[in-house]
Amino acid sequence: MLIFDESYFAEEERDGFVISSMMKRVWAAQICVLEEVRRVCEMLHIPFFADWGTLLGAVRHHGFIPWDDDMDICMLRKDYMRFLEAAPEILKPPFEIKSVYNDPTDDIIKARIINGRHMNFEQDFLEQFYGCPYVVGIDIFPIDNITEDQKQLEEQIRTLRFVLKAAASVPEEPPYEDDVLELLQQIENTFGFAIDYNNRPAHELKKLYDILCSWYMHEDTKEVTSMIDLANGWDYHAKRAWFSEIIEMPFENTTIPVPAGYDGLLCIKYGKDYMTPRQVSSHEYPFFKEQMLGLKEVMEEEFQTQLSEEQMYQLIEMKALGTAF
């Protein structure tokens with residue numbers, strides 16, 4: 001188990017941004033998830049790399065970006081698929097993996113390692129995750145090959161866009177109109193992909209989308225990409241050689257593997273001036289606000305009282321740190 005000195009959890013200002021004590025506990029909990037991913041990957045001999053804001057944080061801050069609240073890693077596609085297959089049997093409770101392949105509620109084209117499905121105030125859980133009661137996790141992005149045949153690449157992108165459009169057009173629940181069923185049968189025949197009609201067709205098509213992203217998984221290509229982004233129009237071309245070596249960089253009180261070609265990746269993702277901090281976030285901060293609001297709704301109904309968001313955060317922190325409501 002990682003050791004965090006209690007002083008780590010003190011409220012702190014970094015680069016002009018105030019990081020709350022609870023956010024520090026959320027960070028520590030995410031690092032616990034990272035260490036479990038590391039353990040599993042070492043068992044499977046699978047390399048993984050910091051990605052997106054976590055990569056930027058490792059390089060620029062040697063830890064989390066002060067205004068970031070989540071962690072991202074990536075794996076080359078062949079390793080990613082092997083991880084999805086093998087990890088569920090190796091992960092220790094309460095850790096689990098979510099992906100389009102094992103969770104019919106998950107339509108996101110990436111995997112996620114989480115420490116549970118709901119907020120948890122049990123003592124063992126709080127001790128394991130440094131007083132963080134929230135569900136935390138790490139997103140895992142697949143890095144796909146870019147075929148060197150330009151015509152095949154264009155066909156792949158057209159196909160991905162068609163499948164994504166089809167997924168957006170089909171109803172969530174039956175009954176399905178004849179034109180929807182005809183479309184689904186056409187897709188089955190075209191791609192040799194059997195749709196599970198007991199599941200939501202939109203989810204099945206997201207699964208097919210991910211399979212099509214990996215079309216050239218076994219090619220020894222010079223370039224790789226986030227195929228989701230490339231198909232969406234982003235000129236994301238990275239050199240495979242950038243991932244050929246790993247650098248262990250400091251990250252808070254541990255280290256994290258970073259691709260040796262991190263400069264090229266960060267220039268693609270954030271521009272050449274990526275070392276200049278800018279306080280921006282790609283989602284609502286903090287991510288656990290939705291979990292807090294869910295508990296707030298339950299409590300207000302049960303106790304017939306109104307609570308402010310600030311009061312809820314305070315109550316949750318008091319409960320998590322062992323103080324009764």
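Judged as a ring-ring contact (aromatic ring centres under 6.0 Å, His included), and not counting sequence neighbours, the contacts of Phe288 are Tyr134. Taking the side chain to side chain contact (heavy atoms under 4.5 Å, CB included) definition, one finds that Glu12 meets it with Arg14, Lys24, sequence neighbours left out. Shown here are the side chain to side chain contact (heavy atoms under 4.5 Å, CB included) partners of Asp72, two or more places apart in sequence or in another chain: Asp51, Trp52, Thr54, Asp70, Asp139, Phe141.
Within the 4.5 Å cutoff, the side chain of Glu290 has no heavy atoms near those of the Glu284 side chain. The shortest distance between side-chain heavy atoms of Gln186 and Leu183 falls below 4.5 Å.
Closest heavy-atom contact between Pro286 and Tyr313: CG-OH, 3.7 Å. When all heavy atoms of Ile90 and Leu44 are compared, the pair lying nearest together is CD1-CD2, 3.6 Å.
For the residue pair Tyr101/Asp210, the side-chain donor-acceptor check at 3.5 Å is satisfied. In this structure, a donor-acceptor pair under 3.5 Å is absent between the side chains of Thr147 and Asp149.
Under the 3.5 Å distance criterion, the side-chain polar atoms of Gln156 are left unmatched by any main-chain donor or acceptor of Ile146. Between the Asn120 side chain and the Glu122 main chain, a donor and an acceptor come within less than 3.5 Å of each other. A donor-acceptor contact shorter than 3.5 Å is absent between the side chain of Arg60 and the backbone of Ile65. A donor-acceptor pair is defined here as one N or O able to donate and one able to accept, closer than 3.5 Å; no such pair exists between the side chain of Arg200 and the backbone of Glu172.
Between Arg112 and Asp106 no salt bridge is recorded (no basic side-chain N to carboxylate O distance below 4.0 Å). The pair Glu42-Arg39 does not count as a salt bridge, with every side-chain nitrogen at least 4.0 angstrom from each carboxylate oxygen. Under a 4.0 Å N-O distance rule, the pair Arg25/Glu317 does not qualify as a salt bridge. Of the charged side-chain nitrogens involved, none lies within less than 4.0 Å of a carboxylate oxygen, so that Lys151 and Glu154 do not count as a salt-bridged pair.
No more than 12 heavy atoms of other residues, nucleotides or ligands shown are found within 6.0 angstrom of CD on Glu177.
Taking the centre of each ring, Phe129 and Phe95 come in below the 6.0 Å mark.
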